[in-house]
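Comments concern the structure below.
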Amino acid sequence: SNKRARSPGHDTKSTEPNVHKQVAEHYNARPDVGVEKRKESTIFRLKSFNNWLKSVLIGRYARPRDKVLDVGVGKGGDLLKWSKAKIQYFVGCDIASKSIEQAQERYRTMRNPPFEAHFHAMDCYSEPISKVVSPDIVFDMVSMQFCLHYSFETEAKARMMLHNVTSQLKPGGVFIGTIPDAYWIVKKLKSESDEGLQIGNSIYSIRFERRDSFEKFGAKYWFHLEDAIDDCPEYLVHFPTFQSLAEEYGLELIYNKKFHQVYEEASQELDFNQLLYRMNVISEDGHLSADEWEAANIYLAFAFRKRQ
Ligand code: SAM
C-alpha cells in the first residue's frame, strides 16, 4: 500500500494545506469492488454492520418525498438506502472526483430510482455548497456519514461545514451523521498503553503523534482499517465543541449514541432485526468477530434538528 506520501514524520503541523488532498487521493485510489468481492473482505461483517447502522439512522429520520443532501457521499454506497426510504430528490457532494464519478454511475445503473439525483465534486469544508446547489432548493435532511471528522482539521473548516449544513436545511430539518467517538478513542489510548501512541487490534489501528493535550481542532491521528483505509490522517471531534458550534448555527442535538448502543436498541425492533439478516450482518455461518465488534464501537451516530 502507498504509505510514502503519508508518513507522519513529514507533516507534524495540523494545518498543512495538503491534508485534504491526501484524503481525496486516498478515497480516489480505492476501487469500487462490487458486492461479490466485498463478501471476500476480511471485514465483510463490519462493513455490513456499518451499512445496517446507516439504514437504521436513515429509517428513523428520513420521510417519504424528502429532499436529501449527502455531504461526503463517496461512491454513493447509500443510494439504495435512500431509495428504500422513498425520498424524492438527492444531491451528493464529495471532494474525491473519482468517487463522484462512481456514485453517478451507480445512480445511472439503478433500477427505477424513485428520485432525481445530482452529484458534485467539491471541497465541502472550504467552499460554500451554494456554489453548486440552486437557491430554490431547501433540503429536509442533510446526511454526513463517516466524513465529518475530516473538517475538524481547523475551526474554519468545521465552520464552513456547519454553514453548508445549516444554510441548505429547512427550519425543522434534520442533520444526521456518523463520526469516530473521540472520547472513547482517547480513553482507550490512556488506559491501554502506558506511554504508547497507538491503539488497535487485528483489524484497525489509531496512531497519534502525541499523547496529551489534544486541541479542539487539528488533533490529528492516523487511521488504518484492514481492507478499507490504509493510513489516512483524521481528526478527533471533541463532541462538546461540535455541539456548541452546531448550536451557533441553529442546530439542536436530538440524538447521540455509540454504535453498540444503537445496535442494542434497534435490534429489538422487528424490522431492523430482520434487516440484520437481510444485510448479512448475521447469517447462519456467523456474525462479527470480537475484533470487528470492538472496531464498530469506535463510532457514534448523531442527529440534530434545525431550529424553527
Ligand atoms: N459517506 C460515504 C459512506 O458512508 O460510504 C463515504 C465515507 S468515506 C469513509 C469519507 C468520505 O469523505 C470520502 O469519500 C472523502 O472523499 C470525503 N471527504 C473528505 N473530506 C472532504 C471534503 N473536504 N469535502 C467533501 N468530502 C470530503
Side-chain angles (χ1 to χ4, degrees), residues 15-35 38 41 43 46-58 68-82 90-104 106-107 119-129 131-133 141-154 156-165 168 175-180 204 217 220 223-235 237 259 279 295-296 298-302:
T15 49
E16 73 273 32
N18 62 332
V19 159
H20 70 275
K21 284 208 203 81
Q22 290 176 27
V23 173
E25 278 165 18
H26 173 87
Y27 285 103
N28 272 331
R30 294 214 66 85
D32 189 10
V33 292
V35 174
R38 263 201 296 281
S41 164
I43 57 157
L46 177 58
K47 288 182 178 175
S48 304
F49 176 78
N50 287 341
N51 274 317
W52 173 81
L53 201 128
K54 290 191 283 182
S55 297
V56 170
L57 204 53
I58 289 169
V68 174
L69 172 65
D70 190 331
V71 177
V73 61
K75 299 170 176 63
D78 294 340
L79 283 169
L80 206 58
K81 302 177 190 72
W82 293 115
F90 182 88
V91 173
C93 300
D94 199 287
I95 194 172
S97 55
K98 280 197 189 134
S99 298
I100 283 295
E101 282 167 25
Q102 288 168 0
Q104 250 155 351
R106 190 173 285 198
Y107 173 70
F119 299 90
H120 305 281
M122 66 172 286
D123 181 346
C124 304
Y125 308 154
S126 306
E127 299 170 277
I129 286 185
K131 275 169 90 174
V132 298
V133 176
M141 172 164 276
V142 176
S143 173
M144 291 190 68
Q145 304 302 335
F146 301 107
C147 60
L148 183 148
H149 45 299
Y150 297 109
S151 74
F152 267 59
E153 181 189 355
T154 64
K157 287 189 177 192
R159 284 186 178 276
M160 179 58 83
M161 176 275 293
L162 282 167
H163 166 79
N164 278 334
V165 169
Q168 299 299 325
F175 166 38
I176 58 171
T178 44
I179 49 171
Y204 82 94
F217 302 94
K220 183 161 78 175
F223 187 55
H224 169 85
L225 183 63
E226 198 61 31
D227 209 17
I229 297 179
D230 284 337
D231 204 7
C232 195
E234 300 196 354
Y235 302 91
V237 177
F259 275 20
M279 295 182 79
I298 295 171
Y299 295 93
L300 60 80
F302 65 78

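Atoms within a ligand are numbered from 1 in the order they appear, just like the ligands themselves. Heavy-atom basis, side chains included; hydrogens, waters and symmetry copies ignored.
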request  = Of all the heavy-atom pairs spanning Val73 and Gly92, show the shortest one and how long it is.
outcome  = CG1-C, 3.7 Å
task = Check each heavy atom of Ser99 against ligand 1 and say whether those closer than 4.0 Å belong to the side chain, the backbone, both or neither.
result = neither
ask   = Will you find, in the side chains of Tyr150 and Glu234, an N or O donor that is under 3.5 Å from an N or O acceptor?
value = yes
query = Atoms of ligand 1 less than 4.0 Å from Gly74 heavy atoms?
reply = 6 (C), 14 (O)
query = Evaluating non-hydrogen atoms only, which member of Val73, Asp70, Asp94, Asp123 is closest to atom 16 (O) of ligand 1?
reply = Asp94
task = Return yes if some donor-acceptor pair links the side-chain N/O of Asn164 with the main-chain N/O of Glu127 below 3.5 Å, else return no.
result = yes
key: Option with minimal heavy-atom separation from atom 5 (O) of ligand 1, where the choices are Lys54, Lys47, Gln145   = Lys54
message = Is the ring pair Phe146/Tyr299 parallel, tilted or perpendicular, if the boundaries are 30 and 60 degrees?
response = perpendicular
request  = From atom 1 (N) of ligand 1, work out which of Gly72, Ser143, Ala121 has a heavy atom at the shortest distance.
outcome  = Gly72
task = Keeping the roles fixed (side chain from Asp94, backbone from Gly74), state whether a donor-acceptor pair exists under 3.5 Å.
result = yes
ask   = Is the closest N or O pair between Phe146 and ligand 1 shorter than 3.5 Å?
value = no
query = Would you call Met122 a ligand 1 contact, heavy-atom distance under 4.0 Å?
reply = yes
key: Check: Tyr204 main-chain N/O paired with His224 side-chain donor or acceptor under 3.5 Å   = no
ask   = How does Tyr150 reach ligand 1, if at all, at less than 4.0 Å between non-hydrogen atoms: by side chain, backbone, both, or neither?
value = side chain
ask   = Touching ligand 1 at all, Cys147? Heavy atoms, strictly under 4.0 Å?
value = yes
query = Can Asp78 and Asn51 be said to form a side-chain contact (heavy atoms from CB on, under 4.5 Å), step by step?
reply = CA-CA 8 Å; Asp78 294 340; Asn51 274 317; 4.1 Å; yes
task = Using non-hydrogen atoms of the residue, decide whether Lys157 is closer than 4.0 angstrom to ligand 1.
result = no
